[in-house]
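Counting starts at 1 for both ligands and their atoms, in listed order.
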Amino acid sequence: MDCIAKEIQKLKKEKDIAVLAHYYVRDEVQKVADYTGDSYYLSKIATSLPHKTILFCGVKFMGESAKILNPEKKVLMANDAADCPMAHMVDLEEIATIRTQFKDVAVVCYINSTAEVKAHSDVCVTSSNAVQIVKNLPQKTIYFIPDENLGRHVAAQVPEKHFIFGSGYCHVHADISRKSIEEAKAQSPSAKVLAHPECKAETLELADFIGSTSGILNYATESPAREFIIGTETGTRYELERMNPGKTFFFTDQPPVCPGMKSVTLDSLLDAMKNQESPVEIEPELQTNACQALSRMLELAK
Ligand code: 13P
Ligand code: SF4
């Protein structure tokens with residue numbers, strides 16, 4: 001273990017900090033984390049930790065969600081500037097308009113959204129629980145924000161409901177083109193294609209499996225196949241290879257890289273631990289309102 005990683009391990013114990021990391025962050029950051037996972041797992045585990053402080057290696061909405069669910073804890077970001085552009089692709093006025101137009105509407109927000117958006121929503125979802133939650137909502141009309149690609153993927157599996165979609169998207173996943181998957185498949189014809197539902201529908205059509213980052217990891221681990229083409233961010237390679245020695249994972253020619261996730265480094269993590277300068281703060285009324293949507297997700301996803 002190098003010096004900086006050793007210092008991080010020492011400070012975790014001294015300062016009673018739990019380090020949580022998403023699968024998209026750099027390998028060396030995942031290596032020093034106490035818990036790694038997809039957005040759903042990380043939001044859930046954050047509610048059951050005894051530590052005084054949670055340090056999030058991921059993008060802003062993840063740290064915000066941890067703070068909303070655990071207002072009594074100190075929540076730090078390993079890099080305050082790490083953000084997800086899609087989280088901001090919601091027009092709050094549009095939510096109000098839809099609510100007046102459709103009396104029986106459920107506003108369903110993807111966890112990749114700001115605290116304000118969550119506060120205006122009925123329930124939050126992640127890519128690993130969206131279908132289950134939407135199916136079980138009493139409302140027949142669903143306003144799904146912000147990710148249109150995930151919304152359409154969910155809608156296809158819940159044909160009994162009427163969907164209205166936001167127009168947000170993840171530029172990292174939207175850039176995984178159908179052509180790039182076809183090219184990867186031409187080079188490795190027996191490889192299974194595993195893709196994240198933030199990809200466009202035309203790309204998802206080529207997938208053998210569509211799921212969250214944890215879903216992709218579980219599928220690859222349980223599958224008898226030996227080769228996989230991965231339609232999500234390259235950070236997943238670390239856990240895919242760690243869990244599956246002997247299996248081969250290919251990414252598209254222009255590998256999908258999330259700048260926000262990759263802006264978290266061991267140096268920024270160590271700085272955040274030492275200085276603890278700008279913990280995540282959510283104003284009490286916003287916290288209470290946003291917490292309803294997140295708590296409902298945890299309840300309905302059980
Ligand atoms: P997961 O919930 O699958 O981890 O996805 C989070 C994300 O940001 C995907 O781009
Ligand atoms: Fe946001 Fe896309 Fe990065 Fe996920 S991969 S955090 S959706 S920009």
Visitor: Taking the side chain as every heavy atom from C-beta outward, state whether I229 and K185 have any atom pair closer than 4.5 Å.
Guide: yes

Visitor: Charged N to carboxylate O below 4.0 Å: is that the case for R178 and E205?
Guide: yes

Visitor: With heavy-atom distances below 4.0 Å as the criterion, list the atoms of ligand 1 near S127.
Guide: 1 (P), 2 (O), 3 (O)

Visitor: One thing to verify: whether D122 and R296 come together as a salt bridge, which I'm taking to mean a side-chain N less than 4.0 angstrom from a carboxylate O.
Guide: no

Visitor: For A78, is there any backbone N or O sitting under 3.5 Å from a side-chain donor or acceptor partner on S268?
Guide: yes

Visitor: Going by the atom numbers of ligand 1, which of them fall below 4.0 Å from some non-hydrogen atom of E198?
Guide: 7 (C), 9 (C), 10 (O)

Visitor: What residues form a side-chain hydrogen bond (donor to acceptor under 3.5 Å, both in side chains) with E202, not counting sequence neighbours?
Guide: none

Visitor: Taking heavy atoms and a distance under 4.0 Å, where does Y24 meet ligand 1: side chain, backbone, both or neither?
Guide: side chain

Visitor: What is the total of protein N/O/S atoms that are closer to atom 2 (Fe) of ligand 2 than 2.8 Å?
Guide: 1

Visitor: With heavy atoms under 4.0 Å as the rule, classify the contact between H173 and ligand 1 as side chain, backbone, both or neither.
Guide: side chain

Visitor: As an exercise, identify every atom of ligand 2 less than 4.0 angstrom from a heavy atom of Y24.
Guide: 4 (Fe), 5 (S)

Visitor: Which of the numbered atoms in ligand 1 are below 4.0 angstrom from a heavy atom of H22?
Guide: 1 (P), 4 (O), 5 (O), 6 (C)

Visitor: Using a 4.0 Å heavy-atom cut-off, say whether N112 meets ligand 1 through its side chain, its backbone, both or neither.
Guide: side chain

Visitor: With a cut-off of 4.0 Å, which atoms of ligand 1 are near a heavy atom of S212?
Guide: 3 (O)

Visitor: Only one of L269, L20, L11, D34 passes side chain to side chain contact (heavy atoms under 4.5 Å, CB included) with L55; say which it is.
Guide: L269

Visitor: Does any N or O of ligand 1 fall below 3.5 Å from an N or O anywhere on T126, backbone included?
Guide: no

